[in-house]
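In each ligand, atom 1 is the first atom listed, and ligand 1 is the first ligand listed.
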Amino acid sequence: MVPRESRTVPRPEPHAPVPSALGWPEARATARAAGRPLPAVSRTLHHARDHVLARPIVALTDLPSFDTSAMDGWAVAGPGPWRVRGRLLAGDSGGEIGVMRDGDAVEIATGARVPHGATAVLRSEQSRVEGRTLFADAHIQQGTDIRACGQECRRGDELLPAGTTVTPGVTGLAAASGYDELVVVDRPRVELLVLGDELLDSGLPREGRIRDALGPLITPWLRTLGADLLRVRRVGDNPDTLRAHVSGSRADVVITTGGTADGPRDHVHRLLAELAADVLVDGVAVRPGHPMLLAHLPGERPGAGRYLVGLPGNPLAAVAGMLTLAVPLLRRLSGRPEPRPRRIRAGADIAGHPHDTRLVPMRGDRPLAFAGPAMLRGLAVADRIAVVPPGGVRVGDPVEVLAAPR
Ligand SMILES: Nc1nc2c(c(=O)[nH]1)N[C@H]1C(S)=C(S)[C@@H](COP(=O)(O)OP(=O)(O)OC[C@H]3O[C@@H](n4cnc5c(N)ncnc54)[C@H](O)[C@@H]3O)O[C@H]1N2
Ligand code: MOO
């Protein structure tokens with residue numbers, strides 16, 4: 001946590017040391033530690049998608065839940081030839097067949113319940129029927145093409161631990177093992193407030209005004225981060241509007257873009273002071289993105305609270321703020337485990353800042369051009385972001401990498 005005094009320290013020049021700034025690893029750790037997982041909720045399988053399991057998935061049944069034919073053909077009992085006695089399709093209870101005795105055969109479909117007493121399933125293409133007598137064209141061993149009850153799991157087995165992200169494979173398995181709903185960690189609700197009177201929503205930049213790049217960048221990214229985006233608002237540079245929107249927001253996390261520095265229209269610090277917010281991060285020793293902010297907003301429920309992540313306005317600096325503060329916080333709130341750090345070997349020298357961490361868009365093991373704080377051309381083709389420590393890395397050195405926005 002940044003000492004309170006640091007909030008009153010004047011903003012430094014862009015390339016001067018930032019004495020109050022938290023180190024990049026500490027800022028990330030602070031963001032992660034600031035949150036705790038949201039409450040567990042029950043969701044239908046359809047709505048559980050992309051949530052994280054709050055409770056393990058424990059099999060409610062054996063799987064398969066009965067001996068099942070793996071092929072179209074014949075359930076047979078004992079050695080052949082066999083007498084054909086009936087037919088079973090998938091979904092049939094098999095009651096009318098009863099128990100098979102040696103020498104019996106029953107025509108059976110893939111997925112049908114194999115009657116008691118059957119010793120194997122003979123595939124149709126390996127069989128021959130003459131009158132009501134069935135012959136095998138190949139030797140079949142006991143148990144062939146029967147999926148035994150409980151082969152995949154037994155009732156009560158833990159199939160997936162809490163903390164697993166609900167993918168389509170997970171919802172499929174949950175359905176197969178008898179679930180209608182899953183208990184998952186609620187997803188954080190996020191509201192994005194885009195500050196800046198100079199921003200346009202459509203058309204060409206004109207007369208000193210530019211297009212908003214951050215709404216279109218952050219909106220799709222939030223979805224892949226496991227957050228539910230309540231709303232994106234263009235707020236302009238009016239402090240009263242900003243205040244009303246932050247105070248009135250129902251989001252767990254309010255993300256602002258722009259207005260984090262000390263310019264005449266940079267209102268975020270002032271707003272946090274007015275709201276008596278607990279500022280957890282006020283500036284980070286990282287380039288780009290050093291004016292980024294994280295604050296805990298006083299909430300109605302004690303401890304529940306809400307968060308404000310203040311991203312700098314320069315687009316690549318905003319991405320750095322997302323990676324440093326928003327991503328770890330949202331991960332934690334949504335119950336996702338922190339991934340283990342990934343390292344690659346740098347394919348080229350990567351220049352470092354004298355005393356700050358640099359976040360550098362990379363393609364493969366090489367840094368990309370057009371990666372200035374106000375540029376997105378490098379990021380748009382990046383597949384990862386290198387975390388370059390002060391002083392830089394030499395070709396062949398290991399360097400930590402983060403996932404690029406997706
Ligand atoms: N005297 C100082 N000036 C600045 C410093 C400093 O330390 N001392 N830091 C610079 C750095 S580094 C950054 S980053 C920016 C951060 O500024 P703000 O967060 O207050 O952002 P704005 O002033 O609102 O905008 C900065 C820049 O980004 C453009 N912008 C803003 N929003 C968007 C958007 N949604 N899409 C595209 N571009 C956006 C805006 O037009 C400005 O060009 O402060 C520096 N100044
Ligand atoms: O770092 Mo600002 O945070 O470069 O554009």
Give the atom numbers and elements of ligand 1 that come within less than 4.0 Å of a heavy atom of [X].
{"X": "G259", "value": "18 (P), 19 (O), 20 (O), 21 (O), 22 (P), 24 (O)"}
{"X": "L214", "value": "34 (C), 35 (N), 36 (N)"}
{"X": "E198", "value": "31 (C), 40 (C), 41 (O)"}
{"X": "A317", "value": "14 (S)"}
{"X": "R211", "value": "36 (N), 37 (C)"}

Is any N or O atom of [X], backbone or side chain, closer than 3.5 Å to an N or O atom of ligand 1?
{"X": "L311", "result": "no"}
{"X": "T257", "result": "no"}
{"X": "A213", "result": "yes"}
{"X": "V194", "result": "no"}

Member of [options] meeting the side-chain contact (heavy atoms from CB on, under 4.5 Å) criterion with [X]:
{"X": "Y179", "options": "L60, L159, T171", "value": "L60"}
{"X": "L217", "options": "V319, D212, T257", "value": "V319"}
{"X": "V84", "options": "V76, L134, V106, D104", "value": "L134"}

* Residue-ligand contact G196/ligand 1, heavy atom below 4.0 Å ->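 No, G196 has no heavy atoms under 4.0 Å from ligand 1.
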
* Asked: What do we get for A261 next to ligand 1 when only non-hydrogen atoms under 4.0 Å count, side chain, backbone, both or neither?
  ->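 The answer is both.
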
* Asked: What is the distance from atom CG of L200 to atom CD1 of I210, rounded to the nearest 0.5 Å?
  ->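 Between L200 CG and I210 CD1, I get 8.0 Å after rounding to 0.5 Å.
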
* Asked: About how many Å separate CD1 of I218 and CG of L192, when rounded to the nearest 0.5 Å?
  ->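 The CD1 atom of I218 is 5.5 Å from CG of L192, to the nearest 0.5 Å.
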
* Quick one: do the W24 and T324 side chains pair a donor with an acceptor below 3.5 Å? ->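 Yes.
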
* Asked: Hey, are the side chains of E400 and P341 touching, using non-hydrogen atoms and a 4.5 Å cut-off?
  ->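 The answer is yes, as the side chains (C-beta and beyond) meet within the 4.5 Å cut-off.
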
* Heavy-atom check, side chain of P291 versus side chain of P312, under 4.5 Å ->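 In contact.
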
* **Counterpart residues, side-chain hydrogen bond (donor to acceptor under 3.5 Å, both in side chains), relative to H116 (two or more places apart)** =>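 H116 satisfies side-chain hydrogen bond (donor to acceptor under 3.5 Å, both in side chains) with no other residue.
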
* **Option of least heavy-atom distance to atom 32 (N) of ligand 1 (set: G321, G310, G313, P315)** =>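 Checking each option, the heavy atom nearest atom 32 (N) of ligand 1 is found in G313.
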
* To do: Return the option from L293, N314, D212, D237 holding the heavy atom at the smallest distance from atom 15 (C) of ligand 1.
  =>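 Selected option, by shortest heavy-atom distance: N314.
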
* Asked: Which protein residues have a heavy atom closer than 4.0 Å to any atom of ligand 2, listed by chain and number?
  ->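 If the criterion is a heavy atom under 4.0 Å, then ligand 2 touches P288, G289, H290, P291, N314, A317, P373.
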
* **Cationic N near anionic O, under 4.0 Å, D62 to R155** =>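 Salt bridge between D62 and R155, a charged N being under 4.0 Å from a carboxylate O: no.
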
* Only one of R306, R231, R250 clears salt bridge (Lys or Arg N to Asp or Glu O under 4.0 Å) with E191; which? ->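 Single pass found, and it is R231.
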
* Has E96 got more than 12 heavy atoms of other residues, nucleotides or ligands less than 6.0 Å from its CD? ->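 Count over threshold, so yes.
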
